[in-house]
Every structure is written in C-alpha cells, then in structure tokens.
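Some notes on the structure that comes next.
Position 1 is the first residue of the sequence; numbering continues from there.
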Amino acid sequence: MEPRSVYAPFDGVISTIHQPNGSYVDAGAMMVELESEQPQHIVGYIRQLFKVEPEVGMPVVSSRRPGQPTFLSNIVTLGGQAHLIEPQLQRPGMTTESGLPVEIAFSDSIDIPLRPGEIVDFELRSR
C-alpha cells in the first residue's frame, strides 16, 4: 500500500482524472483518460445505402479542410454491423442516420496536419 508509478502506452496529454491524488483504487479501475496528440487512425461511418460495397484494403480519399489537398489511404477494418451515427456527424436535416463503422489507416507519411477528434470526410474508391 504505497505509491506506484503508472506509465502510459503512448505519448499524449491527460484529459480527465477519474481518481484524486492519494486514492486507493482496485485493479482495473480507470484512473485517467489520455488523449494522443497525433492521430493513429481515422474512424468513420459509411452511410447506408452503400453505393459501393466496402472491403478491407479498399482505397479511400479524404480531406475536409478548404484549400488542403486530399490524401489517399485505405480501409483497415470493417465493423460487424451498422451503428447509429452520432448527431454531430449526421447530415443537416437528418434526425437519425446509421452507417457501417470503418477504420482508415493514417500514418506520418500523410502530410496533412490533422488533430485527433477532427472531423474528416472520405470517399470510397473502387479498386
């Protein structure tokens, strides 16, 4: 029952502290939430009805910032089922929208300064 150092699995900043300093916590209890300063991947939704059937490895082009070039990436993971899309990501005028979640690769070689949590538009490209 003494203080113990805890190390994060990645560089970042503490966004939320769940346990005050000096607290006794059970194993597995959440103590802090960390936010990466560099994006590791992009999580998006392919809205229903699919115009193109998404596949792992399918290329995507992405960008939302005006005047910024698009970048080419690919789908790494497809979700197993459609989910409701968060209200702030829905198209204007839509009250309920669902889509298939996808993970899109993002690497340091992409020369567009994105921030984690930034909203990005992407378009599927057929192979």
Hey, mind stepping through L34 and I14 against side-chain contact (heavy atoms from CB on, under 4.5 Å) and telling me if it holds?
CA-CA 5 Å; L34 300 174; I14 295 173; 3.6 Å; yes
Can you tell me how far [atom2] of [Y] sits from [atom1] of [X], rounded to the nearest 0.5 angstrom?
X    : Y   : atom1 : atom2 : result
L100 : H83 : CG    : NE2   : 8.0 Å
D121 : I42 : CG    : CD1   : 10.5 Å
S98  : Q90 : OG    : CD    : 9.0 Å
L78  : E55 : CG    : CD    : 8.5 Å
M30  : I17 : CE    : CD1   : 13.5 Å

Sequence neighbours left out, what pairs pass salt bridge (Lys or Arg N to Asp or Glu O under 4.0 Å) with at least one residue falling in residues 81-95?
R91-E97
Does L124 form a side-chain contact (heavy atoms from CB on, under 4.5 Å) with I75? I'd like the steps, not just the answer.
CA-CA 9 Å; L124 297 176; I75 295 175; 3.7 Å; yes
Sequence-distant partners of E53, side chain to side chain donor-acceptor pair (under 3.5 Å), two or more places apart:
none
With a 6.0 Å cut-off (strictly less than), is the heavy-atom count around CE of M31, excluding the residue itself, greater than 12?
no
Are [Y] and [X] connected in a single hydrophobic cluster, I mean Ile/Leu/Val/Met/Phe/Trp/Tyr linked by side-chain heavy atoms less than 4.5 Å apart?
X   : Y    : answer
V13 : V32  : no
M94 : Y45  : no
V43 : F122 : no

For a side-chain contact (heavy atoms from CB on, under 4.5 Å) check, start with the C-alpha distance between V52 and M58, then their side-chain angles and the critical distance, and finish with the verdict.
CA-CA 10 Å; V52 176; M58 178 176 274; 3.7 Å; yes
E123 meets the salt bridge (Lys or Arg N to Asp or Glu O under 4.0 Å) criterion, sequence neighbours left out, with R125
Would you name the heavy atoms of Q81 and P101 that are closest together and state the gap between them?
O-CD, 3.3 Å
Quick check: closest heavy atoms across I46 and P54, and the distance to 0.1 Å?
CD1-CB, 3.4 Å
